[in-house]
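Right, one structure below, let's go through it.
Residue numbers count from 1 along this sequence. Both ligands and their constituent atoms are indexed starting at 1 by order of listing.
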Amino acid sequence: MKYGVNEHGYYGDFGGAYVPEMLYPNVEELRQQYLKIINEPDFKAEFDLLLKDYVGRPSPLYFAKRYSEKYGANIFLKREDLNHTGSHKINNAIGQILLAQRLGKKRIIAETGAGQHGVATATVCALKGIECVVYMGEVDMERQAPNVSRMKMLGAKVVPACSGSKTLKDATNEALRDWIANPVDTHYIIGSVVGPYPYPDMVARFQSIISFEAKKQLFEHTGKELPEYVMACVGGGSNAMGMFYHFLDDESVKLIAVEAAGKGVNSGHSAATTFLGREGVLHGSRTILMQTDDGQVVEPYSISAGLDYPGIGPQHAHLYKVNRAQYTSVTDDEALQAGLLCCQLEGIIPAIESAHALAQLEKMKFKKDDNVIICLSGRGDKDLDTYIKYFNY
Ligand SMILES: *Cc1c(COP(=O)(O)O)cnc(C)c1O
């Protein structure tokens with residue numbers, strides 16, 4: 001694949017595995033094993049069966065008729081919101097738990113910000129009867145209390161990260177510390193296409209089911225496999241990578257990645273990484289991240305917890321730099337309005353993350369016959385409070 005990872009773990013200038021020496025054996029074990037394991041027929045069969053019967057795949061490619069009339073093109077929504085646990089994150093969590101089992105691991109750890117990845121991880125650990133520890137910033141535990149309860153009901157231990165800003169990056173540090181202390185029996189499930197190689201490639205492969213299905217489904221709808229546009233929101237970038245994956249080499253397909261502008265790209269409260277960021281190292285890989293002149297990571301902001309991340313995965317940094325995909329951003333207000341419009345036009349309450357991708361429609365000019373696929377990465381149940389406060393329902 002032209003845009004895929006090379007044998008050294010890089011996408012052009014980005015990627016690699018920048019980890020402390022004490023983590024090297026863990027990451028090296030994964031690097032040596034992951035492709036071999038995920039290509040075994042037995043792995044594939046179990047992964048496919050769980051995606052079908054447990055997650056509910058294939059997720060529909062829904063032709064959104066009223067959107068299509070409004071925007072003057074054929075708009076299709078890839079319905080990851082209908083997956084078990086409410087988003088695309090379960091695809092990756094299942095892939096990694098099956099891998100961990102085959103590596104002989106007895107214990108799973110994860111970090112979580114909003115709790116969505118923590119819930120997906122706790123879910124698959126319950127399914128497999130494996131011990132699960134989720135690290136979460138103390139501040140996030142307060143902000144996302146229902147997800148903390150969900151994880152506990154599912155049998156996970158939720159450990160508060162009490163250092164620094166008590167949010168996602170502190171939880172990540174705690175998880176890494178745990179992994180260093182427990183290298184033999186523990187697997188660390190990272191929730192997006194970020195982190196040291198091989199994680200970005202591994203997670204992209206697990207999420208690539210999204211575009212694998214979408215290609216076939218678009219053909220069933222239109223007689224064509226290739227749309228004109230494929231769009232998705234980007235936090236770390238896993239739903240977007242999954243949605244882009246099988247279209248990457250088809251250069252006629254325009255790929256559009258939508259970041260969170262927060263209160264505006266120049267407001268000081270934003271997560272628009274490609275606009276505000278520079279090249280550097282974040283969470284184990286060389287990528288683009290928001291940083292100060294002396295290289296301190298800038299605290300990001302977005303109303304949507306899933307997009308509130310100061311970097312993007314290294315493959316996105318590469319697609320941005322070589323201009324294969326276009327990166328734009330949408331503000332909190334634009335996203336919330338787009339979320340409400342989706343409710344009223346299509347009867348679907350989208351996650352606020354996904355609403356960022358929908359908001360981008362307002363800024364596009366389509367031709368009448370254009371086929372457009374948007375990844376609806378998750379459902380909005382978790383965001384009801386935010387919607388209610390904003391619109392005064
Ligand atoms: C976590 C999350 C995201 C952002 O993560 P990516 O890795 O960028 O996909 C987007 N949408 C939903 C619904 C999420 O839960």
Side-chain angles (χ1 to χ4, degrees), residues 59 77-93 95-96 110-121 123 136 140 144 147 150 168 172 189-195 199-200 202-204 206-211 231-245 255-260 271-274 282-283 285 287-288 300 302-317 319-320 325 327 329-330 335 338-339 342 348-360 374-384 386:
S59 68
L77 303 179
K78 183 59 175 158
R79 299 288 309 274
E80 295 299 299
D81 61 314
L82 295 176
N83 293 343
H84 179 44
T85 70
S87 80
H88 65 292
K89 288 206 171 69
I90 191 86
N91 305 327
N92 169 52
Q96 287 202 47
E111 86 295 334
T112 195
Q116 295 302 106
H117 172 54
V119 169
T121 301
T123 298
M136 190 168 186
D140 289 336
Q144 312 288 337
N147 274 343
R150 277 189 191 104
L168 179 60
T172 304
I189 299 192
I190 294 183
S192 188
V193 285
V194 302
Y199 279 100
M202 182 168 72
V203 177
F206 292 145
Q207 294 293 1
S208 70
I209 185 72
I210 300 174
S211 47
M231 298 164 56
C233 67
V234 176
S238 68
N239 88 87
M241 224 44 253
M243 188 74 252
F244 293 173
Y245 199 92
L255 308 175
I256 299 185
V258 185
E259 299 182 323
T273 304
T274 52
L282 180 68
H283 295 150
S285 68
T287 188
I288 297 174
S302 165
I303 196 161
S304 97
L307 303 185
D308 195 354
Y309 185 70
I312 48 174
Q315 192 168 13
H316 282 291
L319 296 178
Y320 170 73
Y327 289 73
S329 64
V330 153
C342 184
I348 299 170
I349 304 178
I352 299 176
E353 290 85 357
S354 322
H356 282 71
L358 296 171
Q360 179 62 23
I374 302 172
C375 187
L376 204 70
S377 55
R379 66 177 86 121
D381 306 31
K382 67 184 179 63
D383 298 318
L384 276 189
T386 311

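Few gaps surround OH on Y327; more than 12 heavy atoms of other groups in view lie less than 6.0 Å from it. Environment of CD1 in I349: sparse, with no more than 12 heavy atoms of neighbouring residues, nucleotides or ligands closer than 6.0 Å.
The shortest N or O to N or O distance between S192 and ligand 1 is under 3.5 Å. In terms of polar-atom proximity, G236 is counted as a contact of ligand 1, with an N or O under 3.5 Å from an N or O of the ligand. By the 3.5 Å distance cut-off applied to N or O atoms, S354 is not counted among the residues near ligand 1. Of the N or O atoms in E353, none lie within a sub-3.5 Å distance of an N or O in ligand 1. At a 3.5 angstrom cut-off on N or O pairs, G237 counts as close to ligand 1. Among the atoms of G235, some N or O lies under 3.5 angstrom from an N or O of ligand 1.
Remark: distances from the non-hydrogen atoms of H88 to ligand 1 include one below 4.0 Å.
Looking only at protein heavy atoms, the nearest one to atom 3 (C) of ligand 1 is K89 NZ, 3.6 Å. Here the heavy atom of the protein found nearest to atom 4 (C) of ligand 1 is G306 O, 3.3 Å.
Residues T112 and Q144 have side chains not in contact (no heavy-atom distance under 4.5 Å, counting atoms from C-beta outward). Residues L282 and P310 meet the side-chain proximity criterion, which asks for heavy atoms closer than 4.5 Å.
Side chains of N92 and Q207: no donor on one and acceptor on the other come within 3.5 Å.
Checked against salt bridge (charged side-chain N to carboxylate O under 4.0 Å, His left out), R379 has no partners two or more places apart in sequence or in another chain.
Proximity of D81 to ligand 1, defined as any heavy-atom pair under 4.0 Å, is not found for any part of the residue. Residue contacts with ligand 1, taken as heavy atom pairs separated by less than 4.0 Å, involve S238 via backbone and side-chain atoms alike.
The backbone N or O of K89 sits less than 3.5 Å from a side-chain atom of S87, completing a donor-acceptor pair. Remark: side-chain polar atoms of H356 are not paired, donor with acceptor, to backbone N or O of C233 under 3.5 angstrom. Remark: the backbone N or O of H88 is not paired with any side-chain donor or acceptor of N239 at under 3.5 angstrom.
Ring-plane geometry between H283 and Y309 is classed as tilted, the angle between the planes lying from 30 to 60 degrees on a 0 to 90 degree scale.
For ligand 1, the atoms closer than 4.0 angstrom to any heavy atom of V234 are 8 (O). For ligand 1, the atoms lying closer than 4.0 Å to a non-hydrogen atom of A351 are 13 (C). Residue contact check: G378 has heavy atoms under 4.0 Å from atoms 13 (C) of ligand 1. Remark: ligand 1 atoms within the under-4.0 Å shell around heavy atoms of C233 are 10 (C).
Distances from atom 13 (C) of ligand 1 to the heavy atoms of S377, A257, A355, G380 put S377 nearest.
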